[in-house]
2 protein chains.
Amino acid sequence: MKQILIIDDDENLGDLLTQYLARYEMQAHVALTPSKGLEMIKKLKPDLLILDVMLPEKDGFEVCREIRAKSSIYGQLPILMLTAHAEVTDRIVGLELGADDYLPKPFEPRELVARIHNILRRSGDDASMRDIKPIKGLDVDPSRREVKLDKVVLDLTTMEYELLILFMQYPNKTFTRDELMNRLRGIDAELFSRAVDTLVSRLRHKLGDTSKTPRFIKTVWGRGYTFIGEQL
Amino acid sequence: MKQILIIDDDENLGDLLTQYLARYEMQAHVALTPSKGLEMIKKLKPDLLILDVMLPEKDGFEVCREIRAKSSIYGQLPILMLTAHAEVTDRIVGLELGADDYLPKPFEPRELVARIHNILRRSGDDASMRDIKPIKGLDVDPSRREVKLDKVVLDLTTMEYELLILFMQYPNKTFTRDELMNRLRGIDAELFSRAVDTLVSRLRHKLGDTSKTPRFIKTVWGRGYTFIGEQL
DNA sequence: CATCGATGATAAGTATTTGTTTCATCCTAT
DNA sequence: ATAGGATGAAACAAATACTTATCATCGATG
């Protein structure tokens with residue numbers, strides 16, 4: 001379960017988000033002031049920080065700057081900034097200070113969830129720590145985002161790589177299309193198209209897999225897909 | 001068949017949705033006023049409530065709040081709110097009040113269906129919760145939708161799996177053919193044919209069963225079928 | 001701002017499942 | 001035992017789900 005720290009003096013919003021994020025397997029914690037927030041970072045070691053710009057004591061930019069300056073303490077904590085106004089200058093300043101993304105208030109909860117997933121994915125911290133099971137014929141180097149199939153490096157796109165990693169985390173689990181979409185895109189994305197099928201097809205192709213006699217990705221008719229690579 | 005209650009004073013929209021949802025195995029009922037709506041909830045025990053924000057008497061937020069407040073009466077009924085304007089603030093307020101999702105009008109019917117599915121999925125209305133009795137020689141893993149017969153994984157189609165699960169929920173119960181048809185297809189399906197017999201036959205075959213000396217599925221002549229697997 | 005690659009949508013083609021028909025066989029009541 | 005409806009299962013047909021080629025779109029890159 002992902003731990004999210006929210007630094008925002010609007011207690012109401014904090015509770016709301018806590019409740020909302022819980023639905024997406026994220027545990028949120030709220031700090032009402034920057035000083036409390038910084039404390040909680042050390043204790044909680046959250047996976048992501050949601051930081052409001054308007055804060056008591058000092059503003060969010062200040063906090064962000066501080067966290068980045070003391071990276072020895074706080075690490076490369078991903079930061080999502082919330083700003084009251086959708087002003088472009090805010091955005092640039094925020095990004096320059098090292099925030100990973102920015103979201104103008106008011107925002108849609110769904111949008112927030114989507115961005116959180118994006119950041120977590122991008123920050124790679126996510127991917128490298130994931131528990132990838134060893135599969136015969138496949139060598140994954142998460143730090144390099146590199147996959148070798150029978151000693152040959154594969155040229156995978158972001159989505160293809162993510163899909164493969166997801167499969168390798170749960171060999172023999174049958175994923176429905178919804179599940180895959182949600183895990184890959186981070187939102188309750190609905191499928192009005194064969195996007196997942198297409199993605200699977202492309203990955204299969206690069207893995208040298210055929211749908212009829214699959215070595216890795218098996219189609220489970222009427223349900224979804226299963227990764228069946230022989231485990232080492 | 002899922003029961004959906006719609007509280008909306010636009011009768012036209014209600015009829016339209018009722019018709020549309022029927023295609024997705026959802027039976028919709030329309031209440032034109034909040035008071036009628038609340039009454040119908042008690043009677044119908046719907047699986048989901050679609051609630052318009054603009055209503056006579058009191059608005060949708062009020063209704064939502066009331067339902068959540070009286071959860072002892074209404075339970076944790078999932079609520080999908082329809083708002084006239086796609087205003088973000090509305091969304092936040094609604095979520096705060098306990099609605100499970102939001103959909104701004106006008107919306108696409110399929111988008112509605114998608115969100116309904118999401119909510120129902122989230123609210124844990126899942127097949128995996130069904131109470132499957134342990135049967136000697138059969139191992140079922142509902143989360144993976146996998147069945148093992150004497151340690152060997154069976155390759156079952158959706159219908160075959162559903163039929164088997166149904167049987168395993170009620171060992172020794174004799175099902176008539178219409179009963180099976182209704183439980184599997186969720187509607188009062190007319191028996192034009194011997195679809196059930198064929199299905200049973202195919203499942204039997206995969207279970208290694210013979211109709212003469214059945215290990216699992218016994219034919220009750222003139223009545224239907226009984227699952228007789230030895231219970232553990 | 002033009003290009004390129006990645007991803008999403010569409011649609012034609014293919015495969016699989018599910019329903020129907022059929023007929024041989026089985027059961028039960030005469 | 002036999003007639004007549006009920007059942008099993010094979011073969012065929014229809015419906016449904018999947019694959020993949022192709023095109024459109026979007027965002028990144030220079």
Side-chain angles (χ1 to χ4, degrees), chain A residues 95 101 114-115 118 121-122 145 154-164 174-178 180-187 189-214 216-226, chain B residues 23-25 108 110-111 114 145 154-164 166 174-178 180-187 189-226:
Chain A
L95 289 170
D101 200 355
R115 300 236 185 166
N118 266 331
R121 171 145 51 93
R122 271 210 309 265
R145 272 206 159 220
L154 292 181
D155 179 26
L156 299 180
T157 69
T158 309
M159 287 280 107
E160 288 158 7
Y161 177 82
E162 288 296 327
L163 176 61
L164 179 58
T174 299
F175 288 95
T176 65
R177 286 173 175 69
D178 290 25
L180 290 175
M181 204 50 151
N182 289 336
R183 299 293 280 266
L184 292 175
R185 305 231 307 199
I187 49 173
E190 266 304 321
L191 279 184
F192 299 134
S193 75
R194 304 271 147 267
V196 170
D197 303 52
T198 306
L199 178 60
V200 167
S201 170
R202 295 202 253 245
L203 178 58
R204 265 180 175 158
H205 184 247
K206 290 188 181 177
L207 289 174
D209 236 14
T210 59
S211 47
K212 285 197 76 172
T213 54
F216 299 112
I217 302 174
K218 187 179 77 173
T219 300
V220 181
W221 244 84
R223 293 291 132 207
Y225 298 99
T226 305
Chain B
R23 291 191 220 150
Y24 297 89
E25 304 197 12
E108 302 241 359
R110 62 179 187 174
E111 174 73 8
R145 246 207 158 81
L154 292 181
D155 181 25
L156 299 180
T157 70
T158 308
M159 285 282 110
E160 287 159 6
Y161 177 84
E162 289 294 328
L163 175 61
L164 178 58
L166 179 55
T174 299
F175 287 96
T176 65
R177 285 175 175 69
D178 341 2
L180 289 175
M181 200 54 141
N182 289 336
R183 298 294 280 268
L184 291 175
R185 312 251 308 217
I187 44 173
E190 290 277 331
L191 271 189
F192 293 143
S193 72
R194 315 265 310 290
V196 172
D197 302 55
T198 307
L199 179 59
V200 168
S201 168
R202 294 204 255 244
L203 178 57
R204 265 180 174 159
H205 184 248
K206 290 190 181 176
L207 289 174
D209 236 13
T210 58
S211 48
K212 291 192 75 171
T213 54
R215 177 176 171 194
F216 299 113
I217 302 174
K218 189 177 74 175
T219 300
V220 182
W221 223 86
R223 300 276 187 295
Y225 298 99
T226 305

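Because the structure is predicted, anything quoted here is derived from the model rather than measured. Residue numbers begin at 1 in each chain, while the letters A, B, ... track the order of the sequences.
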Exercise: identify the closest heavy-atom pair between B/Asp155 and B/Glu160:
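Looking at all heavy atoms of both residues, the closest pair is O-OE1, 4.3 Å.
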Under the 3.5 Å rule, do the base of D/dG8 and the side chain of B/Arg194 count as making a donor-acceptor pair?
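Checked by distance alone, the answer is yes.
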Can you tell me whether the side chain of A/Arg202 and the base of C/dG8 have a donor-acceptor pair closer than 3.5 Å?
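For A/Arg202, whose side chain was compared with the base of C/dG8, there is a donor-acceptor pair (under 3.5 Å).
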Given D/dG8, C/dT28, C/dT10, identify the nucleotide with an atom nearest to the side chain of B/Trp221.
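Of the candidates, C/dT28 comes closest.
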Where the side chain of B/Ala195 is defined as all heavy atoms beyond and including C-beta, which of C/dG19, D/dG8, C/dT18 is the nearest nucleotide?
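Among C/dG19, D/dG8, C/dT18, the one nearest the side chain of B/Ala195 is C/dG19.
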Nearest-Å distance, [atom1] ([X]) to [atom2] ([N])?
X        : N      : atom1 : atom2 : result
B/Glu160 : C/dT17 : CD    : C1'   : 8 Å
A/Asp197 : C/dA15 : CG    : C1'   : 14 Å
A/Lys206 : C/dA6  : NZ    : P     : 6 Å
B/Arg223 : C/dC26 : CZ    : P     : 22 Å
A/Leu156 : C/dT7  : CG    : C1'   : 15 Å
B/His205 : D/dA11 : NE2   : P     : 12 Å
B/Leu199 : D/dA14 : CG    : C1'   : 17 Å
B/Leu184 : C/dT17 : CG    : C1'   : 14 Å

Under 3.5 Å donor-acceptor, A/Arg204 side chain and A/Ile217 backbone:
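Yes.
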Side-chain N or O of [X] less than 4.0 angstrom from OP1 or OP2 on [N]?
X        : N      : answer
B/Arg177 : D/dA6  : no
A/Arg204 : D/dT19 : yes
B/Ser201 : D/dG8  : no
B/Tyr161 : C/dT18 : no
A/Thr219 : D/dT19 : yes

Using a 4.0 Å heavy-atom cut-off, does B/Thr158 contact any base of the nucleic acid, only the sugar-phosphate backbone, or nothing at all?
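It contacts sugar-phosphate atoms only.
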May I ask you to say what A/Thr157 touches in the nucleic acid, namely base, sugar-phosphate or nothing, with a heavy-atom cut-off under 4.0 Å?
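Counting heavy atoms under 4.0 Å across all strands, the contact made by A/Thr157 is with sugar-phosphate only.
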Hey, are B/Arg177 and B/Asp197 close enough for a salt bridge, meaning a charged N less than 4.0 Å from a carboxylate O?
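Looking at B/Asp197 together with B/Arg177, the answer is yes, because their closest N to O distance falls below 4.0 Å.
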To the nearest 0.5 Å, what is the distance between CG (A/Leu164) and CG (A/Leu154)?
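Answer rounded to 0.5 Å: 8.0 Å.
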Checking B/Tyr225 against B/Thr219 for the side chain to side chain contact (heavy atoms under 4.5 Å, CB included) test, could you report, in this order, the C-alpha distance in whole Å, the side-chain angles of both residues, the deciding distance, and whether it holds?
CA-CA 5 Å; B/Tyr225 298 99; B/Thr219 300; 3.6 Å; yes
